[in-house]
Protein chains: 2
Amino acid sequence: MGTGMGMDMDTGTERDLPHRIAAQISDGILAGRHAPGERLNELQLSRELGTSRAPVREAARLLEAQGLVISHPRRGFFVRTLTAPQLYDMYDLRLALEIHAAGQALERIGEADMDRLRHQVGLLHGLARSARPAEQVAADYAFHRMLASLSGNGRLLKVLDDIALDMRAGIAVIGRLYDDPARIARNHDPILEALEARDPHRLAAALRFHIGEARDRVVPLFSSLPT
Amino acid sequence: MGTGMGMDMDTGTERDLPHRIAAQISDGILAGRHAPGERLNELQLSRELGTSRAPVREAARLLEAQGLVISHPRRGFFVRTLTAPQLYDMYDLRLALEIHAAGQALERIGEADMDRLRHQVGLLHGLARSARPAEQVAADYAFHRMLASLSGNGRLLKVLDDIALDMRAGIAVIGRLYDDPARIARNHDPILEALEARDPHRLAAALRFHIGEARDRVVPLFSSLPT
DNA sequence: TGAGAGCCGATTGTCGACAATTGACAGGCC
DNA sequence: GGCCTGTCAATTGTCGACAATCGGCTCTCA
């Protein structure tokens, strides 16, 4: 088993200005401050950030290669719009990656890791009644990311991170994704059980069910968007 | 099944200057003109390309997000160096993705597609005696990409493309990868047979064997590099 | 009234310049 | 002799400016 890097892909170094700007724009997109399809005005952004346009453009290039932003030559940078098939593809890809990652994780996982996973699922259950969608999404994502990181495959984790970011950006327009938090929390129990039983088959099935359900719930909802 | 885009992810539009520069740098890395770990001198590159440094920096950002290049703040951009575990991770990821993609492709594949796949494998066999490694690699890659594109998942194809580029860049230092072209060509036959038989299990096994073999051959070779 | 040509403000793409930082080199001190 | 320090060329990071281009608007004409 290979381990390209630890679970924290963070380099630890202070980040570049273009990277910080890219993070700012990312956050802006995720927070809904920039709607999908919206044009990113370089001059306006640079003024808001107190810099010139050059670092902003570099940040936009980072986001472009990451898939969050698309550049139309001579027109500028635009927040990427997601089509339903693209969203479906991302769920499909996530499914394949997470199942594979979980399988790998099974062979590397320790008791301390199991504890953290259990804790995370417990957190999910606790949040189920809190009616704070943002925290639920975060906790859900944290669990999946934790599991993926236990695969030891840093590249896989990076791909999943990119997908997660892209998905969250694209479906930020849908406010209420977590229509039944308790059910979603419960969907994580079989995953946990399969992990404890070290049963790769059940693990794959549980993930397939959970992610497949999310896909079948979100994609149709997304398809029937106003615009 | 979703289809985010066709098999040609090319936008069709004329490319940006930064994109063209990024392609140039990519090619330079793949051709071995830029060794892994080497610093990319912005001024020199811009002069060679007849532009200023701004588009070069944007190109470097594109490559950075893609993983081909890494930026050390205040130090510049460097061609990414690959470690053996990272290379292993890429093979592992490729394995998971290609198996998944092939499974999806099974349900969408037509007779015309099968013909093209057959043709490609035939080409591989023909090239096995040609002693032209570059063309063999290209033909091999073309087959795998074709199969992956038949999954209909554009995002998956993009990830595989990124990995392939990254891998080829990292192992460009190893000249002779195709020590036994005939054997590698033969490894594609079971894949083709499984496809014709519409047998997902055999298909997965054939891919696992083929890619796993490549991994077990390349990674140790890479580990024992001079520097 | 509707369509088309032409103008105009706004925005992008690129450039050259300048300040800040880095790594290397030479020189001095212990 | 080896290590530390100060200087210096080379390079990066950022900026403001300028030309090119785009989309929208208005004006004109049938």
Side-chain angles (χ1 to χ4, degrees), chain A residues 10-29 33-81 227, chain B residues 10-29 33-81 227:
Chain A
D10 164 50
T11 55
T13 68
E14 72 213 42
R15 286 186 310 189
D16 242 345
L17 178 55
H19 279 273
R20 280 196 306 251
I21 295 179
Q24 286 269 343
I25 297 177
S26 272
D27 290 345
I29 295 175
R33 290 226 326 268
H34 301 290
E38 183 183 312
R39 172 195 216 140
L40 295 176
N41 189 316
E42 299 174 10
L43 192 59
Q44 178 184 337
L45 280 170
S46 64
R47 274 201 274 234
E48 285 175 11
L49 297 164
T51 71
S52 85
R53 284 170 47 222
V56 173
R57 284 180 61 85
E58 292 187 18
R61 293 299 182 188
L62 285 169
L63 296 176
E64 181 191 359
Q66 206 184 10
L68 256 190
V69 153
I70 183 173
S71 91
H72 289 233
R74 298 275 167 200
R75 300 271 325 268
F77 297 95
F78 294 78
V79 180
R80 172 165 199 198
T81 60
T227 311
Chain B
D10 164 50
T11 55
T13 69
E14 73 212 41
R15 285 187 309 190
D16 240 344
L17 178 56
H19 278 273
R20 281 196 305 251
I21 295 179
Q24 286 268 343
I25 298 177
S26 268
D27 290 346
I29 296 175
R33 290 227 326 268
H34 301 289
E38 182 184 313
R39 171 193 216 142
L40 296 176
N41 189 315
E42 299 174 10
L43 192 60
Q44 178 185 338
L45 280 170
S46 64
R47 275 201 273 234
E48 286 175 11
L49 298 164
T51 70
S52 85
R53 282 170 48 220
V56 173
R57 284 180 62 86
E58 292 187 19
R61 293 299 182 186
L62 284 170
L63 297 176
E64 180 191 1
Q66 206 185 8
L68 255 190
V69 153
I70 183 173
S71 92
H72 289 232
R74 300 275 168 199
R75 300 273 322 270
F77 297 95
F78 295 77
V79 179
R80 174 166 196 194
T81 61
T227 311

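Each chain gets a letter, A, B and so on, in the order the sequences are listed, and its residues count up from 1. Note that this is a predicted model, so its numbers are computed, not measured.
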Output one line per pair: protein atom, nucleotide atom from nucleotides 19-21 of chain C, and distance, for all N/O pairs under 3.5 Å.
none

Next item on the list: Would you name the heavy atoms of L17(A) and T51(A) that are closest together and state the gap between them?
Entry: CD2-CG2, 4.0 Å
Checklist line | Residue closer to the 5' end of DNA chain D, R53(A) versus R53(B) (nearest nucleotide) | finding: R53(B)
Notebook entry, point to check: So among R53(A), R47(A), R75(A), which one has a salt bridge (Lys or Arg N to Asp or Glu O under 4.0 Å) with E42(A)?
Noted result: R53(A)
Next item on the list: Give, for atom CD of Q24(B) and atom CD1 of I29(B), the distance between the pair rounded to the nearest 0.5 Å.
Entry: 12.0 Å
Next item on the list: Taking all heavy atoms of A22(B) and all of A59(B), pick out the closest pair and write down the distance.
Entry: N-CB, 3.6 Å
Next item on the list: For A65(B) and A65(A), work out which heavy atoms get closest and say how close.
Entry: CB-CB, 3.4 Å
Item checked: Non-hydrogen side-chain atoms of L45(A) and N41(A) separated by less than 4.5 Å -> no
Protein-nucleotides 6-11 of chain C N/O pairs under 3.5 Å:
from: dT11(C); atom 1: OP1; to: N41(A); atom 2: ND2; distance (Å): 3.1

Checklist line | Atom of V79(B), atom of A35(B) and distance for their closest heavy-atom approach | finding: CB-O, 3.4 Å
Next item on the list: Using the heavy-atom set of chain A and a strict 4.0 Å cut-off, write down the first and last nucleotide of DNA chain D that makes it in, 5' to 3'.
Entry: dT14(D) to dG23(D)
Next item on the list: Among residues two or more places apart or on two chains, list those pairs meeting ring pair (Phe, Tyr, Trp, His ring centres under 6.0 Å) that have a residue in residues 48-72 of chain B.
Entry: H72(B)-F78(B)
Margin query: Test of understanding: with salt bridge (Lys or Arg N to Asp or Glu O under 4.0 Å), list the residues that count as partners of E64(B), not counting sequence neighbours.
Written below: R61(B)
Item checked: All pairs passing ring pair (Phe, Tyr, Trp, His ring centres under 6.0 Å) where residues 35-60 of chain B contributes a residue, at least two apart -> none
